[in-house]
Amino acid sequence: GAAKISGETQAELETKRGGKATHGCHRGCVIECSGIFNDKDGNFLTKQPEYETVWAHGANCGIDDLDAIATLDFLDDNYGLDTIEMGATVGVAMEAGLLSFGNAEGAINLIKEVGKGTPLGRVLGNGAAVTAKVFGVERAPVVKGQAMPAYDPRAVTGIGVTYATSPMGADHTAGYAVATNLLKVGGDVDPLKAEGQIELSRNLQIATAAVDATGMCLFIAFAVLDQPETFQALIDMLNAFYGLSLDADGVSALGKSILTGEREFNQAAGLTAKHDRLPRFFYTESLPPHNISFQIPEKELDRVFNW
């Protein structure tokens with residue numbers, strides 16, 4: 001059902017109903033990744049469901065109905081829920097047998113349970129990890145209690161390293177190795193091989209922590225990775241605004257200091273190296289069509305923050 005929920009299909013539907021397939025969330029944005037999704041009667045339903053939302057509540061749950069996905073997005077926003085976490089949570093509930101995969105109406109009802117604060121809703125509202133524990137599901141796609149986004153770590157090995165080691169838990173934005181593994185931005189590291197993935201994730205996590213600290217939209221990372229002059233423009237902007245004299249090494253040092261502080265917080269909270277791991281099934285179950293499992297040894301994961 002992927003074609004029914006593709007970006008192209010969604011854009012066509014939004015335009016047809018009088019919504020917007022793309023617009024900027026602020027003046028001057030050249031990426032314009034926001035949009036407006038109207039219902040079948042042309043009335044506003046929700047902001048445009050983004051890629052991760054469409055995947056999490058859609059394909060991940062076997063749901064190929066854009067109106068249902070938009071409704072789930074609206075409910076998540078209203079209740080203050082993360083769409084990736086709740087999409088993964090509904091998937092775990094489906095795995096547990098609470099409802100069948102593809103049951104859009106059932107998925108909507110589960111999110112409404114969270115909004116009502118019922119006993120079931122309180123379980124689901126605590127996320128995929130808690131839901132898996134309560135219902136005895138071993139194959140829970142979480143790290144440090146946080147659900148994984150759309151990229152399977154067996155097919156995109158670099159993002160698997162980031163999932164495992166990011167101080168925040170499974171997070172694609174903390175070190176978006178998809179850029180280099182698949183999009184070939186900032187280099188080319190084979191997504192199906194172990195070679196180079198530790199270094200790739202490490203460098204991306206350092207750079208991302210620094211960019212996040214500036215308050216800039218993370219999408220600028222694509223230009224920064226591919227164009228040295230754009231990276232220099234970012235440094236010049238920071239120096240001008242804050243009266244600093246940063247250079248490239250200074251930006252790297254900033255990222256390292258942030259990650260060091262986050263890891264020290266985690267260690268004080270009781271997290272150890274054993275928490276920098278993917279769930280076991282990613283090592284033992286092969287993923288079609290390449291039929292490979294996650295290949296990075298645990299001792300290699302422990303090298304990520306060795307700088």
Side-chain angles (χ1 to χ4, degrees), residues 5 49-63 68-69 72-99 101-104 106-108 110-115 120-178 201 205 208 218 262 266 269 271 274-283 285 287 294 301:
I5 59 174
E50 297 180 358
Y51 171 76
E52 290 288 345
T53 303
V54 174
W55 162 79
H57 274 310
N60 179 58
C61 295
I63 295 171
I69 294 169
L72 288 161
D73 183 47
F74 172 79
L75 291 172
D76 285 344
D77 287 351
N78 259 18
Y79 299 147
L81 303 168
D82 180 77
T83 57
I84 298 175
E85 188 68 46
M86 294 317 298
T89 299
V90 172
V92 168
M94 289 173 166
E95 179 88 349
L98 270 69
L99 69 167
F101 280 93
N103 185 342
I108 291 170
L110 286 185
I111 301 300
K112 287 181 177 179
E113 290 291 313
V114 179
L120 174 59
R122 290 176 66 84
V123 171
L124 299 169
N126 273 284
V130 169
T131 300
K133 288 179 181 178
V134 169
F135 291 103
V137 176
E138 290 189 21
R139 299 168 71 256
V142 298
V143 178
K144 301 182 183 76
Q146 179 160 279
M148 291 181 185
Y151 312 96
D152 194 298
R154 293 166 290 190
V156 193
T157 307
I159 206 70
V161 176
T162 297
Y163 286 167
T165 60
S166 166
M168 175 175 174
D171 181 2
H172 62 303
T173 67
Y176 192 66
V178 174
S201 177
Q205 289 195 60
T208 301
L218 191 55
E262 291 175 346
N266 281 357
L271 275 67
K274 71 179 182 179
H275 294 96
D276 290 338
R277 304 288 185 260
L278 296 181
R280 293 308 306 170
F281 73 91
F282 286 108
Y283 289 90
E285 297 183 20
L287 179 73
F294 188 65
L301 293 175

| query | Quick check: are there more than 12 heavy atoms from other residues, nucleotides or ligands sitting under 6.0 Å from CZ of F282? | reply |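 Yes, CZ of F282 has more than 12 neighbouring heavy atoms, counting only those of other groups under 6.0 Å.
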
| Any V90 side-chain heavy atom under 4.5 Å of F101 side chain |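 Contact flag for V90/F101 side chains = no.
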
| message | Is there a side-chain contact between K144 and D276 in this structure, where contact means two heavy atoms from C-beta onward sitting under 4.5 Å apart? | response |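 With C-beta onward as the side chain, the pair touches.
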
Where do [X] and [Y] come nearest, in terms of heavy atoms and distance?
X    : Y    : answer
P279 : M148 : CD-CE, 3.7 Å
N60  : G91  : ND2-CA, 4.4 Å
S166 : A174 : OG-CB, 3.5 Å
Q146 : D171 : NE2-CB, 3.9 Å
E52  : P149 : OE1-CB, 3.4 Å
V54  : P49  : CG2-O, 3.6 Å

| field | T208 vs T173, side-chain contact (heavy atoms from CB on, under 4.5 Å): CA-CA, chis, key distance, verdict | value | CA-CA 8 Å; T208 301; T173 67; 5.7 Å; no

Can you tell me how far [atom2] of [Y] sits from [atom1] of [X], rounded to the nearest 0.5 angstrom?
X    : Y    : atom1 : atom2 : value
L278 : L301 : CG    : CG    : 7.0 Å
I69  : D73  : CD1   : CG    : 9.5 Å
T83  : L72  : OG1   : CG    : 10.0 Å
L120 : F135 : CG    : CZ    : 5.5 Å
H57  : M86  : NE2   : CE    : 6.5 Å
H172 : I159 : NE2   : CD1   : 7.5 Å

| query | Between I108, L81, V114, L110, which is the residue that forms a side-chain contact (heavy atoms from CB on, under 4.5 Å) with L75? | reply |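 Checked I108, L81, V114, L110 against L75; only one passes side-chain contact (heavy atoms from CB on, under 4.5 Å): I108.
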
| Side-chain donor or acceptor of N266 paired with backbone N/O of L271 under 3.5 Å |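 Here the side-chain-to-backbone pair does not exist.
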
| Between the main-chain N or O of A147 and the side-chain N or O of E85, is there a donor-acceptor pair closer than 3.5 Å? |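 Side chain of E85 to backbone of A147, a donor-acceptor pair under 3.5 Å: yes, one is there.
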
| request: Return the orientation label for the Y151 and Y176 ring planes: parallel under 30°, perpendicular over 60°, tilted otherwise. | output: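 Perpendicular.
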
| said: Going by side-chain hydrogen bond (donor to acceptor under 3.5 Å, both in side chains), name the residues that satisfy it together with T89, two or more places apart in sequence or in a different chain. | reply: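 Listed in chain order: nothing, the list is empty.
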
| message | Test of understanding: with salt bridge (Lys or Arg N to Asp or Glu O under 4.0 Å), list the residues that count as partners of D152, not counting sequence neighbours. | response |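 Per chain and number, D152 pairs via salt bridge (Lys or Arg N to Asp or Glu O under 4.0 Å) with R154.
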
